[in-house]
Every structure is written in C-alpha cells, then in structure tokens.
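What follows is one structure encoded as structure tokens, with my remarks underneath.
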Amino acid sequence: MRWSQTLIPTMKETPEGAEIPSHVLMLRAGLIQQVMAGAYTYLPLGWRSLRKAEAIVRDEMDRAGAVELHMPALTPITLWERTGRVDAFGDVLINFKVRRANRQVHLALGPTHEEVVTDLVARFVSSYRQLPITLYQIQTKFRNEERPRFGVLRTSEFLMKDAYSFDTSVESLAASYDKMYEAYCRIFDRCGLEYLAVEAESGPIGGDASHEFMVLADNGEDVVVHCAACGYAANLERAEIGAAKASAAKAAAGSAALKKVDTPKVGSIEQVSKLLGCQPAQMIKTLIYVADGKPLAVLLRGDHDANEGKLRRAVGAAKLELASPEIIEQVTKAPVGFAGPVGLAIGLWADRDVAAVADAVIGANEADKHYTGANLGRDFTVAADHFADLRNAGAGDACPRCGQSLALRHAIEVGHVFKLGTKYSDALGAKFLDDTEQQRTIIMGCYGIGINRILASLIETRHDEQGIVWPMALAPYEVLLAPLNVAQEDVMQVAERLHNELSAAGVDVLLDDRDQRAGVKFKDADLIGFPLRVVIGGRSLKEGKLEIKWRWASEPELIPLEGAAEKLAELVRHARENPRHKS
RNA sequence: CGGAGCGUAGCUCAGCCUGGCUAGAGCACCUGCUUUGGGAGCAGGGGGUCGCAAGUUCGAAUCUUGUCGCUCCGACCA
C-alpha cells in the first residue's frame, strides 16, 4: 500500500478531551475518529490492527474446537423477558419500538448473546450425542453505557468475541472451560500482552468457576489483588484476605469508659475522625443491609470497605443490598451516619479485624451523637460464628495462600471465562436426552473477549514519548518503507521494487511515497509505531546499503541493498514469532 | 444520576472579565520559489451560522436565561 492512496490523518497535537495514552495515541496516529461519546470510526490503520486481533482470536477459537456462527445484533425484546434480563440490564439494554405494517415490534440490540444462542441450541440440540459443543461469534455488541470513557476502553458499541459451551455434565463443562482458558492464554500471548488470569466472582456454580484476563495498566478501571511472592491473583470482589497478623490480634482490651459525645451534623467516617481527633482505623462503622428482605448490621473497621459478595455468602442470602435511608432510620432510630452496634435489635455481623479495635468510636443510634471508648464484649457483642472476612482486600493485607503482602494494581479486563450452569438453559428450555433416556438440562459456560480492548490495552502498555510500539502481530503494517526523496528516481526505483518484493513475500508493507521532509516521515513512523522502518536514500544508498530500524531499538543498522527483500522478509518472520520483544 | 470544566477555522488555542471598525494566531490545506536525514523558509491564497435558541442593548463571540454536545471525578458496570 502507498501512503498517498490511503487515509492516515496523523495529528501533531493532542486533541482536547483525550487523556490516557491509548486514547491520545489512537487519535494522533490516525487509528480512530470519534463520532459521538462512546462510538468510534476505525480508520484504515486502526481497522487493520483490529482485524489482526480478530484473526488471532478466530484462529485460536478454531484450534480449540469452537465453531463460528453469526447471530443478529437485532433481537426481539421477548427473548430477554424470558430470562428476566430486561430488568437485570435496565438502561444498559438498548431497546426501541419500530412500526411494521399495522403493529409495533419491540426490539433490543444485543449486549451479549446468551439468550439467542441458548434458544438456538434448545431448538436444534436434543441428544447427548450432539454434545458437547462450543459456539462462538465475533460481533458488534451494544450497551448503553452510563458513562463512556477512556477512548475505546469503554464504549457503547464494541467488537466482542463471545463463545458459549454446552455440556452434559459438570465434568464435561470443566473440560470445555479449560480449553477456552488455554485458548485465551495463547491469544493474549500471541498479541504480545502481559496479562494475569485472576479469580473472579463465581456466580451460581461456585468454586473455581470464573477467571478474568487482566492487563496490568495504570489507567485500568479494574483493581486486581496480586501477590508478587506466590502469584496469587484475584479481582477486588473476589480476593480473600489471609489471617490477620499476630501482632494485631491483641484482644480488644480497652481501658476507656464508654462515653457519649456530641458530633453535630457529622456522620461520615472522615468527618467524625477529624472532629474527634482519632484515626479512621480507631472507628468501627456500622452498615445496614437488607438480605432477602431482612435488615442486618455489619461492623467494619472505619478505614475498610465492605465486600458485598463476601457478605452475601457469609449470610447465605440470595439477594443483598444496602438499606435505604428510611429503613436505616427505622432500624437505628437515627439519621444515616449515626448507626452503631450498641442496642441494635437486628442481626449483627462483623469483619474479623473489628475484634482488634479497642476503645473504638461508634455511632450512638441517636442523631448527632457517637460513643467513644466502645469495646467488643463489654459494650456490645457479636456471635463468634458471625465474624468473617467481609471486606475488600487492601494493599499490605496478607496473601491467603502464602501470607506475604498483597499489592493492589489497576488493570484492564480483556477477557472473561465463566461457568454459567443452567441459568439460561433452564429459562429457555435447552434440554437433552442422556444415554439412560433421562431428560436433563444442558450445562453452559460463556467466554468473552473485548477485541477493541486488546488494542487499547496493548497501546496503554507499549508506547513511549514518540508514539505506539506495535508488536509485529498487531501492527497495521509490519514494514514501513521511507524513501527520503521521492523526486529522486533511483531512490523511488529501489523503494518500489522493495515494496513489490515484500508484498509478494506476504509482508504487510506501507510505502511512504509522500513528498515530505525526512523529519515528517520519521515523526509519523514513530507515532504510528511500525515495527520495522526502512530508510531509502541519503548516504547509505550511495554505499549500496539500506538503513533499517526496529521501533523498539535505539539505533538503526545497515543492511546491503543486495538481497534486501529476502533479508527483511526473514526479519519479519522471525519477529512474528516473538510477540513480546522489548526495547 | 451527583460534582466540576469546556464548546471560536480540519487541529491546538487567543479574544469574553470591562459589549463597539471587516473575528485573530500557530499548525494543516491550495499556488509559486527556495530547501531536502527528525514535524523547513519566503510570498500569496482559500476556509468561521463564534454549539444552538431566546432575551437585554442603538449594537452581542463578549452580558442573562434556557438548551444541546463533549470531557474529567464519583456512583453504576449481565
């Protein structure tokens, strides 16, 4: 391809509104153009990279035995009503009515495709002989994001690979799941991404039933908990906390007396600690939840955050949510911000770390009042079996596996594998007859990859001051030919010949045939980040040599003009095998 | 959905506070000449409903109100 014949609108300056590196660089390098908040055009270069990522995903899905099909983005709302997900998705589900002859049809744009694919399987699969099977597609998904942001990281329309496995048993599901897990590792390896597979919230099946594939990046929206010592990794919702350090476990032997103090109009932990001159860790906060319709109270150290998943599992509730202000007032007889454990008549749970807080500051269940000097056992009690790990892990907490210190890292979720169980097959009647003529429900798994996020997370983690540093696998073009003077005939002859020979050898090559100064060509080459740049002209050509430079290398090297095409093709082939080469 | 900010040429921005000649600069674009290894120089040229609407005023990019769009922080995220 010739530069002059395609569309590559590079920008010297950072457009207003772009903040994070991947967004800035995708715009400046002419990969994307924003059409509205959360919707982008992929320009020729961006589209090439996206298609390369897609091709890798497709290749590995096929290798893992998954079968590609294509479902419509347009779906009837009734399909979503059958699984109750109209409510579950809420405003995220883009849906609308259209006129069709003399009636109205209510449609939804698919945010994912469990319903459509399960309905398909329910219609055509009826025997264990047809199972297991894993179906996948690569398709545009639609979600009405509350707040699109970070360039292509969070958009309302995005390209997703979604796969669904259908099995006859939990053991068979585990095998399907493992195949997908391994395929994901191969995909992200080939893309040159540094990723972590972390344990994630597991849903109905429990146990080891969900993993998220995370790319560690400072601008990631997710937080993963990582132990550098043993490799334990989990997302914040799921991360367990190891047993408390022995030194902190001194029994709460407080000396102070319980004393009611005035805290007028001051309800938050931060405000109260400031007013009373104590540390948040000296406080115990009391959160009121409603579990399956019944209110309960949870005690946490002031500087800790509740983990609703852990709490739900500890309490054994199906549904758990923070209580409304009305319920809180009814239960505590005080406005929000003044709840405390003393004299509360509802079920009381506590995070393990609460036991170590002596002479604590707590709410007094009375407007504008707190207690100081509160002590567990003397002033209030929590049943021994109501102590549990109920909070989010924090930096410095003990690793549940090895006891070393945990670290919190920001990350971008690029993939998710999940054992679904029978939620959708039950709702949509996907059953099969087993070899003993029993009718049973098909067991499902689902597996997603955000294709756009592969690009964004790669750029987020592989760039420098000059621009993107593409790995060979996803670069829009593998080789850039840069003739320095397009008016010079011998230079252009060499460039044209190399272009044709490399193309014939299966190398993606772009010829910068613009009549531009060398500086402009170099800046654009670095900004876009072509892995291999070949300069034709100047001193080296007179000596029968070409100058080549890897994007991640600091210095160029010279190769003989003689046999250059073969040499370059060989270099490209080698670099394709090593997706993670670094500067 | 709460909080904050920004909308002036394709891009980055000045002008607005304190209303007043024909609305500006740099980059980009077009023409010519020069230049040619890290975003060139000179000369000339094209391009703007100042987001939109209403209001105040003799007069609005500028003041007021409303509205739309975009961005950031937070909440939310099967």
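Numbers restart at 1 for each chain; the letters A, B, ... are given by sequence-line order, proteins then strands.
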Rounding to the closest angstrom, what is the interatomic distance between [N] and [M] at atom [atom1]?
N: B:A25; M: B:A9; atom1: P; value: 14 Å
N: B:G74; M: B:G20; atom1: P; value: 41 Å
N: B:U57; M: B:C63; atom1: C1'; value: 10 Å
N: B:C42; M: B:C27; atom1: P; value: 9 Å
N: B:U49; M: B:U12; atom1: C1'; value: 22 Å
N: B:G47; M: B:A40; atom1: P; value: 26 Å
N: B:C21; M: B:G59; atom1: C1'; value: 12 Å
N: B:U62; M: B:G7; atom1: P; value: 13 Å

Need the pair for [N]. Rule: Watson-Crick or G-U wobble, both distances under 3.5 Å, any strand; none if unpaired.
N: B:G38; answer: none
N: B:U57; answer: none
N: B:A23; answer: none
N: B:U67; answer: B:G51
N: B:G2; answer: B:C73
N: B:C29; answer: B:G45

Would you please indicate yes or no on a ring centroid separation below 6.0 angstrom for [Y] and [X]?
X: A:Phe418; Y: A:Tyr447; answer: no
X: A:Phe213; Y: A:His416; answer: no
X: A:Tyr40; Y: A:Phe158; answer: no

Pair listing, salt bridge (charged side-chain N to carboxylate O under 4.0 Å, His left out) test, anchored in residues 11-38 of chain A, at least two apart
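Residue pairs passing salt bridge (charged side-chain N to carboxylate O under 4.0 Å, His left out), neighbours aside: none found.
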So which pairs with a foot in residues 74-89 of chain A pass salt bridge (charged side-chain N to carboxylate O under 4.0 Å, His left out), sequence neighbours left out?
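As it turns out, the salt bridge (charged side-chain N to carboxylate O under 4.0 Å, His left out) pairs with a partner in residues 74-89 of chain A, which skip direct neighbours, are A:Arg82-A:Asp119, A:Arg85-A:Glu114, A:Arg85-A:Glu115.
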[X]: which residues meet the salt bridge (Lys or Arg N to Asp or Glu O under 4.0 Å) condition with it, sequence neighbours left out?
X: A:Lys549; value: none
X: A:Asp303; value: A:Arg301
X: A:Arg143; value: none

Select base, sugar-phosphate, or nothing to describe what [X] touches, counting heavy atoms under 4.0 Å on all strands.
X: A:Ser540; result: base
X: A:Glu19; result: sugar-phosphate
X: A:Glu145; result: nothing
X: A:Gly90; result: nothing
X: A:Ala88; result: nothing
X: A:Glu221; result: nothing

Below 4.0 Å from chain A heavy atoms, what is the first contacting nucleotide of RNA chain B and what is the last?
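Going 5' to 3' along RNA chain B, contacts run B:C6 to B:A78.
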Earlier contact from the 5' end, RNA chain B, for A:Gln516 and A:Ile536:
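Result: A:Gln516.
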Tell me which of A:Gly151 and A:Pro556 sits closer to the 5' end of RNA chain B, going by the nucleotide each one is nearest to.
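Final value for this comparison: A:Pro556.
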